[in-house]
There are 2 protein chains.
Amino acid sequence: MAALSGAVYARLRDEIVAGAVAPGAKLMPQRLALRYAASAAAIREALIRLAAEGFIENLPQRGFRAARTGPDVIWEIAHFRILIETEGARLSIARGGMEWEANLTAAHHRLAHLESRMRGESLDAGQLRLWSASDRAFHEALIGTCGSARLLAQHRLAFDQFKQHVIALDPTLGFRGAELLQEHAGILKAALARDAEGCADALRRHFDTYRRVTPGRAG
Amino acid sequence: MAALSGAVYARLRDEIVAGAVAPGAKLMPQRLALRYAASAAAIREALIRLAAEGFIENLPQRGFRAARTGPDVIWEIAHFRILIETEGARLSIARGGMEWEANLTAAHHRLAHLESRMRGESLDAGQLRLWSASDRAFHEALIGTCGSARLLAQHRLAFDQFKQHVIALDPTLGFRGAELLQEHAGILKAALARDAEGCADALRRHFDTYRRVTPGRAG
DNA sequence: ATAGGCCGGAATTTCGAAATTCGAAAGAAT
DNA sequence: ATTCTTTCGAATTTCGAAATTCCGGCCTAT
C-alpha cells in the first residue's frame, strides 16, 4: 500500500490488536480522518484492507466496526492457528538446518528470560507488550523455515487476531508465568529433537490452557 | 462492500480466476474505470481487497498487477489447500449428520455425471466452467459442516487461487476424465465411511495428480 | 561509447465535495 | 395504543480533479 494509506493501516492494526478498540465499536472514516491527518478516502482504503484480513467487519452501506468477539470466535481462531502452526512446525522440523535451530533457540532464550522475570506481580502494559512480541518471535521462529510464504502470512494473521480477541476478554492475555515457561520449553525440546508429533502435542497443550480461560464449546 | 465497489470486486475476481487476466498484467484503475463505468477510486477499493486476499499484487507507488505464477506458487497453494481441506473433512466427518451426507452425495452425483460425459473430446469453455463449479460444490460440501466459518472462507480463497494459477499454465485445468471420476468417488466413499485418514489420503492423491502436471519441487 | 543526470508524460495516490443511503424521531392513520 | 409513513440529520459511498511519484527517453560530460 502507499505511504499514507499504508501508515494508517499499520497504526489502526496495532491499536486494534493491542485492544485499544472495543469489539463492535464503529470505525467512521470521517472521525478517524481527524485523528490521522488524512482524508476519509485514505482511511477507507485502510479499513477495507483490515476487513479483508478479518480484523474488522464491513457491512455494506453501513460502515465498519471492530470484529465482535466471543468464546466461539476465539475457539475458531485458536483451532485455525493450531492447524497452521503445527503444519509449519512439521515442515520446519523436516527442512530446517542449524540456522533454524540457532534462531529458535535464541528466540526461546529471550522469551524464557522474560517469563522467568515476570512472576505474577508487576504485570504492567509495557512488560506484557514486550512479552507478547517475544512470544510471537518464538512462534514465528518455530515455523520460520517451513518454506511457505503463505503459511507464514496466515500465521501472522491468526496470531494477531487471536491476541485481538483474547485481550478483549482478558487484558493480561491470560498470562501465567510458570506454566508458560514449561510449555514453551516443551515445544522447543520437541522441535530440536525433530519430533514433529511431540511438537504438535506440545502446541495443542499450550493452547488448551488458553482455551481454559474461556468457556469451552463442542467441536 | 458497497454496491459499486463490491460489484467491481466480484467481476474482477471472476475474470482473474477464470484466467482472463494474464499473470503479471497491470491493472490500472483509470483504464478499468472505463470498462466498469466507475471512478478510479471505486476500482481502487476493489483492487485493494483483491490484493489483501492474494489474487493480485500491490507494489506501493507502482500499482497493481495480477499475481505472478510459477510451479512453486502452485505447489504452495496446493499444499495449503490440502491442509485446510483435510482438516475440514476431518471435522465434518466427526460432526456431520444425515444432512451432510445427503448434500455431499448430491454434489458428487452432479459432479460424476458431468465427468462421465466429458470424455476428453468436446472440452469447450462452457463445459469446463460448469465442471469447475461442480467440482467446487463437491469440495465445499465435503467440508460443509466443519463448523468453522474461517476454515470455509480460507478454503474458498485457496480453491479459487489454485484455479487461477493452474489455468494460467493449462487452460483445460489439467482435466482428466476417468481418473477424476475414480478420485472423487474415493473421496466420497471414505467420507461416508467416516474414515478421516482415508479421506485425507484420497485428497492428497487427488492433488498429486494435479501436481504431476507441473514440475515438482522438494518440500 | 558509456555512465550519469535531467526532463516530459503517464500513472498512482490523495483530497474535498457531491450524491446516495441509512436510522431514528415525529406524525398520521387504523 | 399500535402500526405504518414521512421526514430529517448523519454516515457511507462515489466522484473528478489536484498533488505526488514513477518510468523512459534524451542530453551531457567524461
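Below, chains carry the letters A, B, ... as their sequence lines are ordered, and counting in each starts from 1.
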At a cut-off of 3.5 Å, list every protein nitrogen or oxygen paired with a nitrogen or oxygen from nucleotides 22-25 of chain D, distance to 0.1 Å.
| from | atom 1 | to | atom 2 | distance (Å) |
| --- | --- | --- | --- | --- |
| D:dC23 | OP1 | B:R62 | NE | 3.4 |

Quick one: which protein N/O atoms are closer than 3.5 Å to N/O atoms of nucleotides 5-9 of chain C? Pair and distance per line, please.
none

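One distance of note links CD of A:E87 with NE2 of A:H155; it measures 12.5 Å at 0.5 Å rounding. The structure places CZ of A:F80 at 4.5 Å from CD1 of B:I84, a figure rounded to the nearest 0.5 Å.
C:dA10 atom P lies 15 Å from atom CG of B:L34, rounded to whole Å. Atom-to-atom, OH of A:Y36 to P of C:dT14 comes out at 16 Å; the value is rounded to the nearest Å. Between the CE atom of A:M28 and the P atom of D:dG9 there is a distance of 18 Å, rounded to whole Å. As rounded to whole Å, 15 Å separates atom P of C:dT14 from atom OH of A:Y9. For the pair B:N58 CG and C:dA11 P, the interatomic distance rounds to 17 Å; values are reported in whole Å. As rounded to whole Å, 14 Å separates atom P of C:dT13 from atom CD1 of B:I43. If you measure from atom CG of B:L4 to atom C1' of C:dT20, you get 11 Å, rounded to the nearest angstrom. As rounded to whole Å, 12 Å separates atom C1' of D:dT12 from atom CG of A:L47.
Between B:R31 and the phosphate of C:dA10, there is no side-chain N or O to OP1/OP2 separation shorter than 4.0 Å. Of the side-chain N and O atoms in B:R44, none sit less than 4.0 angstrom from OP1 or OP2 of D:dT14.
Using a distance-only test at 3.5 Å, with no hydrogens or angles considered, a donor-acceptor pair links the side chain of A:E76 to the main chain of B:R150.
Taking a cutoff of 4.0 Å between a charged side-chain nitrogen and a carboxylate oxygen, B:E183 and B:R205 do not qualify as a salt bridge. Under a 4.0 Å N-O distance rule, the pair A:R49/A:E53 qualifies as a salt bridge.
Within 4.0 Å (heavy atoms only), A:A38 reaches sugar-phosphate atoms of the nucleic acid but no base atom.
Ranked by how close their nearest DNA chain D nucleotide is to the 5' end, B:Q30 and B:A37 are led by B:A37. Positionally, the nearest nucleotide of DNA chain C for B:L27 lies more toward the 5' end than for the other of B:L27 and B:A41.
Between its opening and closing five pairs, the helix from C:dA1-D:dT30 to C:dT30-D:dA1 changes axis direction by 10°, a value rounded to 10 degrees.
Only one option out of A:I77, A:I16, A:V17 pairs with A:Q161 in a side-chain contact (heavy atoms from CB on, under 4.5 Å); it is A:I77. Exactly one residue among B:H206, B:H139, B:R90 makes a side-chain hydrogen bond (donor to acceptor under 3.5 Å, both in side chains) with B:E85. That residue is B:H139.
Among residue pairs with one or both ends in residues 27-41 of chain A, those qualifying as salt bridge (charged side-chain N to carboxylate O under 4.0 Å, His left out) are A:E15-A:R35; sequence neighbours excluded.
No side-chain heavy atom of B:L91 sits less than 4.5 Å from a side-chain heavy atom of B:I143.
Applying the side chain to side chain contact (heavy atoms under 4.5 Å, CB included) rule to A:A18 yields no partners; only residues at least two apart in sequence or on another chain are considered. Every residue was checked against the salt bridge (charged side-chain N to carboxylate O under 4.0 Å, His left out) condition with B:R65, not counting sequence neighbours, and none meets it.
In this structure, of D:dT14, C:dT14, C:dT12, it is C:dT14 that holds the atom nearest to the side chain of A:E45.
Atom CZ of A:R156 is surrounded by 12 or fewer heavy atoms from other residues, nucleotides or ligands within 6.0 Å.
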